[in-house]
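Protein chains get the first letters and strands the later ones, always in sequence-line order, with residue 1 at the start of each.
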Number of protein chains: 2
Amino acid sequence: MATPQDRQLVDQWRGIQSTYFRTAAAIDRALESKFSIGLTEFEILDLVAESTDAACRMKQLGERTPMTQSAMSKVVDRLDKAGLISRQSCEDDRRSLFLELTDAGRALHREAAIEHRALLRENLGND
Amino acid sequence: MATPQDRQLVDQWRGIQSTYFRTAAAIDRALESKFSIGLTEFEILDLVAESTDAACRMKQLGERTPMTQSAMSKVVDRLDKAGLISRQSCEDDRRSLFLELTDAGRALHREAAIEHRALLRENLGND
DNA sequence: ACAACTTATATGACACGTCATTGAATGACA
DNA sequence: TGTCATTCAATGACGTGTCATATAAGTTGT
């Protein structure tokens, strides 16, 4: 019990947690106040933005984020309602959805990404 | 825009996120199923367990976790209702609360900590 | 072409975290 | 000592995530 290895593990874990919380909170607040979107919304925008088009993406996106399928669905829904993204049903498999940024979405992403990267740089401290 | 440094930052961030989510989810599920407590509950137990007694702790604990004051208050409330922890008002400052594990809490913590460390070892991969 | 199964997304009930605020106790200081 | 500000903890309204399930579309084997 309570071996030094355990202590070291626990400390490492707490470090990860606090880095994660601190950084996520900072980004979330900044994006929320400047662009009225949350961190998770931005993350989806970011993934869609960097996806080379083609392919029915909702599913594939799910493989590139730790978000639940359910969570993704709701985030995408909010982004759609906000007019930042559009969902189009795929021709070849009508269960799937093809996502793409609207012009507004692309513009917002461009701005927000700058903020996002800056806050990562600050918080992850790779100066 | 999109400099290689940015890419590297974003990748680092996604790594942290996925480590955090994967690990937290694994621990949470295990503790929930075996001991009927969540990860946040365990973390408070863990902090209280390792606190050298004395001092009115609710406040100090808040300084050692990324949790909000509000969140802590609710977690402690659940732990209290579950009979794992007790809140006693401080004599010297009646705004503050002194926390301590009940016998049940200490016993549960002892068991749960083993599981917790094991899952950290698995997920943070310091073998 | 018809079941039975599988896969993609959406949704409803619920739990938990956050923010803002409250209530109570303390401190500061004229 | 009486006021005003500050601090500790609890609470209510609210947003968002999770789980289980629903809906719809595709697949397979006969």
Side-chain angles (χ1 to χ4, degrees), chain A residues 17-18 20-33 36-44 47-48 55-82 85-100, chain B residues 17-18 20-22 24-33 36-44 47-48 55-82 85-99:
Chain A
Q17 284 187 302
S18 84
Y20 174 72
F21 278 116
R22 193 172 21 76
T23 308
I27 299 176
D28 197 62
R29 298 167 75 92
L31 295 181
E32 196 67 66
S33 79
S36 300
I37 62 169
L39 173 55
T40 52
E41 278 81 9
F42 173 79
E43 279 168 350
I44 295 298
L47 284 178
V48 175
C56 302
R57 286 202 235 109
M58 191 81 173
K59 182 67 192 315
Q60 285 92 316
L61 252 54
E63 290 157 9
R64 314 210 300 150
T65 159
M67 268 184 250
T68 297
Q69 178 269 316
S70 177
M72 267 223 23
S73 176
K74 296 186 183 192
V75 173
V76 167
D77 202 54
R78 275 177 255 145
L79 287 169
D80 189 351
K81 283 180 177 125
I85 226 176
S86 78
R87 281 180 283 201
Q88 299 161 23
S89 65
C90 279
E91 283 312 311
D92 55 320
D93 182 344
R94 277 172 312 196
R95 290 169 304 179
S96 296
L97 289 179
F98 182 80
L99 303 181
E100 62 180 346
Chain B
Q17 284 187 303
S18 83
Y20 174 72
F21 279 117
R22 192 171 21 78
I27 299 176
D28 197 64
R29 298 167 75 92
L31 295 180
E32 196 68 64
S33 80
S36 300
I37 62 168
L39 173 55
T40 52
E41 278 82 8
F42 174 79
E43 280 168 348
I44 295 298
L47 284 178
V48 175
C56 302
R57 287 201 234 109
M58 192 79 175
K59 181 68 191 317
Q60 284 92 318
L61 253 52
E63 291 157 10
R64 313 211 299 151
T65 159
M67 267 183 250
T68 298
Q69 178 268 317
S70 178
M72 266 223 22
S73 175
K74 296 186 183 191
V75 173
V76 168
D77 202 54
R78 276 176 254 145
L79 287 169
D80 190 351
K81 283 179 177 125
I85 225 175
S86 77
R87 282 180 282 201
Q88 299 161 25
S89 67
C90 280
E91 283 313 310
D92 55 320
D93 183 344
R94 277 172 313 194
R95 291 169 301 181
S96 297
L97 288 180
F98 181 80
L99 303 181

remark   = Testing C/dT9, C/dT18, D/dA9 for proximity to the side chain of B/Ala71, the answer is C/dT18
message = Measuring from the side chain of A/Arg95 (C-beta onward, heavy atoms only), which nucleotide among C/dA8, C/dG17, C/dA24 has the closest atom?
response = C/dA8
query = For B/Val75 and B/Glu43, what are the C-alpha separation, side-chain angles and deciding distance, and is it a side-chain contact (heavy atoms from CB on, under 4.5 Å)?
reply = CA-CA 10 Å; B/Val75 173; B/Glu43 280 168 348; over 6 Å; no
request  = Verify side-chain contact (heavy atoms from CB on, under 4.5 Å) between A/Thr40 and A/Arg78, making sure each step is shown before the conclusion.
outcome  = CA-CA 11 Å; A/Thr40 52; A/Arg78 275 177 255 145; 4.3 Å; yes
message = When you measure from the side chain of B/Arg87 to the backbone of B/Leu97, do you find a donor-acceptor pair of N or O atoms at a distance under 3.5 Å?
response = no
task = Looking at every strand, decide which applies to A/Ser96 at a 4.0 Å heavy-atom threshold: base, sugar-phosphate, or nothing.
result = sugar-phosphate
task = Quick one: sort the A/Tyr20 and B/Phe21 rings into parallel, tilted or perpendicular, breaks at 30° and 60°.
result = perpendicular
Phosphate contact (D/dT18 OP1 or OP2) by A/Ser70 side-chain N/O below 4.0 Å = no
request  = Just compare C/dT18, D/dT18, C/dA10 and give me whichever is closest to any side-chain atom of B/Lys74.
outcome  = C/dT18
task = Begin from the C-alpha positions of A/Asp77 and A/Lys81 and carry the test side-chain contact (heavy atoms from CB on, under 4.5 Å) through to its verdict.
result = CA-CA 6 Å; A/Asp77 202 54; A/Lys81 283 180 177 125; 2.7 Å; yes
ask   = Between A/Leu31 and A/Glu41, does a side-chain contact (heavy atoms from CB on, under 4.5 Å) hold up when you go through it step by step?
value = CA-CA 10 Å; A/Leu31 295 181; A/Glu41 278 81 9; over 6 Å; no
inquiry  = Nearest to the side chain of A/Ser73, heavy atoms from C-beta on, is which of C/dT11, D/dC8, C/dG17?
reply    = C/dT11
ask   = Do any of residues 36-43 of chain B sit with a heavy atom less than 4.0 Å from DNA chain D, and if so which?
value = none
request  = Check the distance between C/dT18's P and A/Asp28's CG and give it to me in whole angstrom.
outcome  = 11 Å
message = Both B/Met72 and A/Met67 contact DNA chain D. Which one's nearest nucleotide lies toward the 5' end?
response = B/Met72
note = To the nearest angstrom, the CZ-P distance between B/Phe98 and D/dA9 comes to 13 Å
Among C/dT9, D/dA9, D/dG17, the nucleotide that comes nearest once only the side chain of A/Arg78 is considered = D/dG17
message = Is A/Arg94 close enough to D/dA24 that one of its side-chain N or O atoms is under 4.0 Å from OP1 or OP2 there?
response = no
ask   = B/Arg87 side chain N/O closer than 4.0 Å to the phosphate oxygens (OP1, OP2) of D/dA9?
value = no
request  = Measure the distance from NZ on A/Lys59 to P on D/dG26 and round it to the nearest whole Å.
outcome  = 15 Å
message = Quick check: on DNA chain D, is the nucleotide nearest A/Gln69 upstream (toward 5') of the one nearest A/Asp93, or the reverse? Name the residue that is more 5'.
response = A/Gln69
ask   = Is it true that a side-chain atom of A/Ser33 and a backbone atom of A/Ala30 form a donor plus acceptor pair closer than 3.5 Å?
value = yes
key: Length of the CD1-P vector between B/Ile44 and C/dC16, whole Å   = 14 Å
